[in-house]
Amino acid sequence: MLYQAKTNWMPDDPVTEHDFNRIEQGIKNAYSEVTRIKNRTMRTEVNLLGVAIELETLKGAVLNGLTKNIFIETFMGLEDVKLLNGSTKHDSVNEKVYLA
């Protein structure tokens, strides 16, 4: 539902249940839109970071003449990574994995 703002309030205007429902719905709609935009922005930033990492990796490979067998994997989260044999240390607070 499109938010219908009431911009002509007068000092003696009664505030009705309909007014509060309209205001609350407007707040809910605005919050939902802000959340949607925030989530989309975060995904875009992650995608741009992945592209930047890939570009720098390929640029370094080309400049050094190492253009064979290049594999690039950008993990979006640690759920994609399986840690084996105690060769790594996982810092869950900072969401980092260190090689031992």
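Reckoned from all heavy atoms, side chains included, excluding hydrogens, waters and symmetry mates.
The closest side-chain donor-acceptor pair between Gln25 and Asn29 falls under 3.5 angstrom.
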What side-chain donor-acceptor pairs closer than 3.5 Å can you find for residues 30-37, not counting sequence neighbours?
| from | atom 1 | to | atom 2 | distance (Å) |
| --- | --- | --- | --- | --- |
| Ser32 | OG | Lys28 | O | 3.1 |
| Glu33 | OE1 | Arg36 | NE | 3.3 |
| Glu33 | OE2 | Arg36 | NH2 | 2.7 |
| Thr35 | OG1 | Tyr31 | O | 2.9 |

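Atom CD1 of residue Ile70 and atom OG1 of residue Thr57 lie 8.0 Å apart, to the nearest 0.5 angstrom. Between atom CG of residue Asn8 and atom NZ of residue Lys6 there is a gap of 5.5 Å, rounded to the nearest 0.5 Å. We find the CG-CZ distance between Leu48 and Arg43 to be 13.0 Å, quoted to the nearest 0.5 Å.
Between Asn21 and Glu24 there is no side-chain heavy-atom pair separated by less than 4.5 Å.
Among residue pairs with one or both ends in residues 56-70, those qualifying as salt bridge (charged side-chain N to carboxylate O under 4.0 Å, His left out) are Glu56-Lys59; sequence neighbours excluded.
Residues that satisfy the side chain to side chain contact (heavy atoms under 4.5 Å, CB included) test with Thr16, not counting sequence neighbours, are His18, Asp19.
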